[in-house]
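Read through the structure below, which is laid out as structure tokens, and then see the notes.
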Amino acid sequence: MRKIAGWFFAFFFFSFSLALAKPTHLEKLRSLYPYGLIGDDYGLLTVEDLAVNTCNAEKLTPFVSEENGAYPYWQCFSLRNAKMRCHSLGYDPTVKMETGYLFIEAKNKNGLQSYLARDARDIRFCNEFVQDWKRTTRGEKFVCVAGSFGRVQPAKDGHKETDWVFEKFKTRKGCVSTGTECSLTEVSVEGCLLPGDALSGM
């Protein structure tokens, strides 16, 4: 009888402990913004990182190919599988400078993820941004990248490639963007789903 009582007490204590357990970092993010992150964030993102991506988005939906091209989703990668480059378009006589596109190629369990900057820029800007990438990722293990969906197409290895419009990236050292916002202090929050609003809508 004592043995049964002991097991019952242990089970009750374990159940009570689970009930009081605080949600994990990832659970907290997903409870407030269930759609803004695809996969794991490796502890890099904050509630604000997900909140700022809701600003002025047409609708917030789970990621489904071709369903929502206006909402920037975060994805995070091992830096062993991610690289940033500049693709030169050569000299453009209309703007009298060499221009190029900034792009990131990264791989995860969903295949190749290709991020291309929205517009061609002065190649010097592109090269400076690559230097920012190198400084911000040096000594880090993971990087998170935000972008809106473009398309899915076959990749060279026979698998699929998902194309995104690149907006920003983040490591533990900080967030760097091509012009979009990294912080709620940089935007008018009227068009944003703030944490309090997210909770009240649950």
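The structure presented is a predicted model; accordingly, all values stated were derived computationally and were not measured. We're numbering straight along the sequence, starting at 1.
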message: Counting only heavy atoms not in R118 (residues, nucleotides, ligands), do more than 12 fall under 6.0 Å from its CZ?
response: no
- request: Quick one: do K168 and V52 satisfy side-chain contact (heavy atoms from CB on, under 4.5 Å)? Show the steps, please.
  value: CA-CA 12 Å; K168 53 195 168 186; V52 75; 3.4 Å; yes
message: With side chain to side chain contact (heavy atoms under 4.5 Å, CB included) as the test, pick out the partner of C76 among D40, L45, I38.
response: L45
field: Set of ring-ring contact (aromatic ring centres under 6.0 Å, His included) partners for F142, sequence neighbours left out
entry: Y42
- request: For residues D92 and M97, determine if any side-chain heavy atom of one lies less than 4.5 Å from a side-chain heavy atom of the other.
  value: no
message: For a 4.5 angstrom cut-off between non-hydrogen side-chain atoms, does Y35 reach Y71?
response: yes
message: Evaluate Q113 against N108 for side-chain contact (heavy atoms from CB on, under 4.5 Å), listing each step before the verdict.
response: CA-CA 8 Å; Q113 310 295 312; N108 58 19; 3.5 Å; yes
message: Pairing donors with acceptors under 3.5 angstrom, does anything connect the side chains of E167 and S177?
response: no
query: Is it the case that one hydrophobic cluster holds both V165 and F169, taking links as side-chain heavy atoms less than 4.5 Å apart, direct or via other members?
result: no
task: Output every pair passing disulfide bond (SG atoms under 2.5 Å apart) with a member in residues 103-142, not counting sequence neighbours, ordered by first then second residue.
output: C86-C126
S114 and T162, any side-chain heavy atoms less than 4.5 Å apart: no
message: Are W74 and L50 packed together at the side-chain level, in the sense that at least one heavy-atom pair is separated by less than 4.5 angstrom?
response: yes
field: Rounded distance (nearest 0.5 Å) linking atom CZ of R121 with atom CD of E98
entry: 15.0 Å
query: Should D41 and L29 count as side-chain neighbours, where that means a heavy-atom distance under 4.5 Å?
result: yes
- prompt: Mind checking whether L102 and F77 sit in one hydrophobic cluster, side chains of I, L, V, M, F, W, Y counted as touching below 4.5 Å?
  reply: yes
- request: For the pair L79 and E140, evaluate side-chain contact (heavy atoms from CB on, under 4.5 Å) and give the outcome as yes or no after the intermediate values.
  value: CA-CA 7 Å; L79 276 163; E140 300 296 315; 3.7 Å; yes
query: Hey, quick one: are Y101 and V145 part of the same hydrophobic cluster, counting side-chain heavy atoms closer than 4.5 Å, chains of contacts allowed?
result: no
task: Answer yes or no: are there more than 12 heavy-atom neighbours, outside K173 itself, under 6.0 Å from its atom NZ?
output: yes
query: Say you draw a straight line from SG of C55 to CG of L184; how long is it, rounded to the nearest 0.5 Å?
result: 5.5 Å
message: Please check this pair: side chain of E27 against backbone of T24, looking for a donor-acceptor N/O pair closer than 3.5 Å.
response: yes
- prompt: Testing N53, D49, T54 for side chain to side chain contact (heavy atoms under 4.5 Å, CB included) with Y33, which one passes?
  reply: T54
statement: Rounding to 0.5 Å, atoms CZ (R172) and OG1 (T136) come to a distance of 12.5 Å
message: Quick check for you: to the nearest 0.5 Å, what is the distance between T99 atom OG1 and D119 atom CG?
response: 11.0 Å
Over 12 non-hydrogen atoms of neighbours within 6.0 angstrom of CD in E190: no
- prompt: Are F125 and L89 joined in one hydrophobic group, where the rule is that I, L, V, M, F, W and Y side chains link up if heavy atoms are under 4.5 Å apart?
  reply: no
query: Are side-chain N/O atoms of S183 and E48 paired as donor and acceptor at under 3.5 Å?
result: yes
query: Looking at P195 and V47, what are the two nearest heavy atoms and their distance?
result: CG-CG1, 3.5 Å
- request: Apply side-chain contact (heavy atoms from CB on, under 4.5 Å) to L194 and V189, showing your working.
  value: CA-CA 8 Å; L194 301 178; V189 297; 4.3 Å; yes
message: Taking L116 as the starting point, is it possible to reach L112 by hopping between hydrophobic residues whose side chains are less than 4.5 Å apart?
response: no
message: Classify the ring geometry of Y115 against W164: parallel below 30°, tilted from 30° to 60°, perpendicular beyond 60°.
response: parallel
- line: One should read off an interatomic distance between F129 CZ and M84 CE, to the nearest 0.5 angstrom, of 5.0 Å
- line: When rounded to the nearest 0.5 Å, the distance separating CD of E105 from NZ of K83 is 5.5 Å
field: Donor-acceptor contact present, side-chain K170 to main-chain L44, <3.5 Å
entry: yes
